[in-house]
Structure formats: C-alpha cells, structure tokens
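Scroll down for the structure; my scribbles are underneath it.
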Number of protein chains: 2
Amino acid sequence: MAPERYPQLELDSQLCFPLYAASRAVTRRYADLLGEVGLTYPQYLALLGLWSASAPLTVGELGARLSLDSGTLTPVLKRLEGAGWVSRRRDPEDERRVLVEPTAEGWALRERVADVPQRLVEGMGLDVAELVQLRQLLDRLRTALG
Amino acid sequence: MAPERYPQLELDSQLCFPLYAASRAVTRRYADLLGEVGLTYPQYLALLGLWSASAPLTVGELGARLSLDSGTLTPVLKRLEGAGWVSRRRDPEDERRVLVEPTAEGWALRERVADVPQRLVEGMGLDVAELVQLRQLLDRLRTALG
DNA sequence: CGCAATCATATTGTGCACAATTAAAAGAGG
DNA sequence: CCTCTTTTAATTGTGCACAATATGATTGCG
C-alpha cells in the first residue's frame with residue numbers, strides 16, 4: 001500500500017488539483033468582490049458575455065461563449081431576470097429561441113464592477129507577463145480539450 | 001453602451017474566465033475517464049488525499065489538503081462509503097473526529113486509475129516543461145489568494 | 001401538403017461548493 | 001467539579017454544472 005509506488009497519483013504532482021484548487025480560490029475571491037453588488041460569479045460571467053455583444057444573444061449563443069448548456073444557463077438567466085438585470089423574450093422570428101439582453105439597470109451595473117478585474121489581479125501575486133503566459137497556457141489547454 | 005469602453009470586462013482579456021473554463025474542461029475529461037470505474041472527480045480527489053496518507057485522516061485533515069469544508073466533504077465521503085471504497089468511524093480518543101481511510105477495495109481501486117493522469121496529459125496539447133510552468137503559476141496564484 | 005427529422009430551450013435528477021447554523025465533545029478557568 | 005469557550009462534524013439552504021429527457025418550433029423531403 002506504499003503511496004510512493006504511485007507518484008503520479010500525488011495530489012500536487014499532476015495538473016488537475018492545482019488547476020481545480022486555483023479556480024475555486026479565484027471564484028471565492030470574485031464572490032467577495034461581487035457580493036457587494038449582489039452578483040454570483042456565474043451571473044457575472046453571463047453579464048460579461050451579454051455586455052460584450054452588440055445585440056441580444058440567444059441562450060445558445062451565450063452558452064457557446066461560456067461553454068455552458070441550457071441546464072446551467074436557464075436558471076442563472078432567470079435569476080438575473082428576477083433581479084432586473086436582463087430581459088428574456090422569445091424570438092418572434094423563431095419561437096424556439098430566447099433572446100437575452102441586459103436591461104438599462106444591467107448596462108448600468110457594468111460601471112459598478114469595472115474595477116473588479118484590477119482589484120482581483122492585485123491580489124494574485126503575479127506580474128503582467130506571468131498573467132499573460134498563464135492565460136495563454138490555459139487557452140491552449142482548453143482548446144486541446146475541446 | 002459601447003463594449004470597447006470596458007476592455008477589462010472582455011471575457012478573454014482577464015484571467016478569470018480562461019481559468020474557470022479550463023478547469024471545467026479538465027473536470028469533464030476526468031469525468032469521462034473516471035466514469036469507467038464509477039468515480040466522480042471530487043470523489044477521485046478525496047481518494048488521492050486518502051491514498052497519500054500513511055494513516056486514517058480526519059475529515060478536517062482531508063479538507064485542509066483539498067481546501068474543502070465539511071459541507072462538501074461529508075456527502076462525498078458518505079457516497080464513497082456507500083460504494084464500499086472508504087470507511088468512516090468516530091475517533092475513540094476524540095469523539096468529535098471522524099477517521100476516514102480507504103477500504104481494501106478502495107486501495108485496490110488505485111491500480112485501476114493509475115493510468116488516468118497520463119491519459120489526461122496526453123490530450124492536453126502541452127509539453128512537460130509547459131505543464132510544470134503552468135502548475136507553478138497556479139500554485140503561486142493559489143498561495144497568494146490564501 | 002404531411003410528417004419525420006432536427007433544432008432550441010426548458011425541465012428533472014444527481015452531485016458538488018460554500019455560507020450559516022446546529023450539536024456534541026473536549027479543554028480551560030474559577 | 002462546573003460553566004464558558006473552542007473545536008469538529010453534520011445539517012440546511014442556495015446556486016451552480018451537467019447528463020438525460022421532454023416540449024415545442026422549424027426544416028426537409030417525398
């Protein structure tokens with residue numbers, strides 16, 4: 001039963017655990033900052049996707065940007081709708097689709113969270129070059145895994 | 001409302017989304033591989049922690065290694081217990097504590113997942129040096145965020 | 001046209017994450 | 001001893017993630 005017979009199964013020796021733990025740590029930090037305006041982290045990501053679009057997005061389009069399916073997005077969007085930050089309506093030209101876009105309040109919220117990325121980066125302990133490098137490695141990882 | 005007025009709020013321009021998306025992509029890949037033996041990814045992580053220990057761990061000790069609290073770990077460990085892979089018992093010397101350790105079947109499971117890390121790395125599209133670098137950056141990030 | 005196949009979203013069920021609360025046990029001081 | 005505080009898990013409640021399924025709308029094809 002000696003653990004040293006399976007060095008590849010040590011928690012920190014592979015990539016999975018550091019990635020999982022770092023992701024949760026960042027999410028927790030975001031939750032602290034976003035709690036001030038009443039947003040969760042996935043709700044914030046959904047708004048980032050909607051803010052970046054020049055027109056209303058369908059649930060499927062937003063899901064493609066976030067790699068999230070309707071089972072996750074539908075309740076997130078309904079909570080954002082309930083809070084008054086997004087509107088949801090069936091596309092009159094294709095009743096299968098639901099068009100989502102920020103409300104006026106949702107657009108205004110963007111200003112209130114504009115400083116969140118900078119505040120987060122300040123606590124990360126990495127310089128700009130390292131952040132860029134980390135992002136590139138993560139993007140390649142995500143692309144490779146489909 | 002021009003999106004270009006908030007470049008720091010673009011999905012891919014900050015670190016949070018690539019990290020979040022990459023972590024979910026890796027978890028999905030693990031789920032594929034671990035589904036063969038009937039494990040979820042958090043269950044696998046809990047077993048990694050227990051396999052590395054030379055003696056039974058308390059819930060708190062395992063939680064410290066995984067950065068997970070009892071609200072998450074207790075149901076995970078109960079499901080592992082229900083599947084016959086770990087045992088849970090109160091510490092006779094301190095009845096507040098619950099001692100957790102793999103059963104014989106739980107130890108045997110280690111051999112069946114021994115090739116999972118290698119199989120995962122093969123689909124990542126990164127060479128060994130890049131994996132080491134990525135892990136180091138993630139560890140520093142996690143340390144900095146507490 | 002009729003209708004089977006496809007598509008877009010919603011719903012259901014399971015399993016995390018995590019904050020907040022509860023409850024029981026152990027230690028500390030008087 | 002006997003409370004008061006601390007420690008340790010479990011429980012409760014909310015909100016994701018995601019697979020599987022259901023529902024309804026659209027498209028193609030004969």
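Proteins get letters first, then strands, A, B, ... in listed order; numbering begins at 1 in each. Computed over heavy atoms, backbone and side chain alike; hydrogens, waters and symmetry mates excluded.
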(request) Select from A:Asp91 and A:Gly71 the residue whose nearest nucleotide in DNA chain D is closer to the 5' end of that strand. (result) A:Gly71
(message) Just to verify, what does A:Arg112 make a side-chain contact (heavy atoms from CB on, under 4.5 Å) with, not counting sequence neighbours?
(response) A:Val37, A:Leu109
(message) Is any side-chain heavy atom of A:Met124 closer than 4.5 Å to one of B:Leu15?
(response) yes
(request) Could you run through nucleotides 2-9 of chain D and give me one letter per nucleotide, 5' to 3': B if any protein heavy atom sits under 4.0 Å from the base, S if only the sugar-phosphate is that close, - if neither? (result) -----BSS
(message) With salt bridge (charged side-chain N to carboxylate O under 4.0 Å, His left out) as the rule and sequence neighbours excluded, what pairs involving residues 42-51 of chain A come up?
(response) none
(request) Could you tell me which residues satisfy side chain to side chain donor-acceptor pair (under 3.5 Å) with B:Arg28, sequence neighbours excluded, listed by chain and number? (result) none
(message) Both A:Glu93 and A:Val76 contact DNA chain D. Which one's nearest nucleotide lies toward the 5' end?
(response) A:Val76
Cut-off 3.5 Å, no hydrogens considered: what does the side-chain donor-acceptor table look like for residues 66-78 of chain B, sequence neighbours left out?
from	atom 1	to	atom 2	distance (Å)
B:Asp69	OD1	B:Gly71	N	3.1
B:Asp69	OD1	B:Thr72	N	3.1
B:Thr74	OG1	B:Ser70	O	3.0

(message) Taking side chain to side chain donor-acceptor pair (under 3.5 Å) as the definition, give me every residue that meets it alongside A:Glu81, ordered by chain and number, with sequence neighbours left out.
(response) A:Arg88
(message) For chain A and DNA chain C, what are the first and last nucleotides along the strand, 5' to 3', with at least one atom under 4.0 angstrom from a heavy atom of the protein chain?
(response) C:dC7 to C:dC18
(request) Linking directly or through intermediates, with side-chain heavy atoms under 4.5 Å: list the remaining ILVMFWY members grouped with B:Val128, chain and number order. (result) B:Val132
(message) Test of understanding: with side chain to side chain donor-acceptor pair (under 3.5 Å), list the residues that count as partners of A:Arg140, not counting sequence neighbours.
(response) B:Glu130
(request) Quick one: list whatever passes ring pair (Phe, Tyr, Trp, His ring centres under 6.0 Å) with A:Tyr41, sequence neighbours left out. (result) A:Tyr30, B:Tyr20
(message) Taking side chain to side chain donor-acceptor pair (under 3.5 Å) as the cut-off, I'd like each qualifying pair that reaches into residues 113-124 of chain B, sequence neighbours left out, listed once.
(response) B:Glu36-B:Arg119, B:Gln118-B:Glu122
(message) So if I take residues 17-46 of chain B and measure heavy-atom distances to DNA chain D, which residues fall below 4.0 Å?
(response) B:Tyr20, B:Arg24, B:Arg28
(message) How many whole angstroms separate atom CG of A:Leu68 from atom C1' of D:dA19?
(response) 14 Å
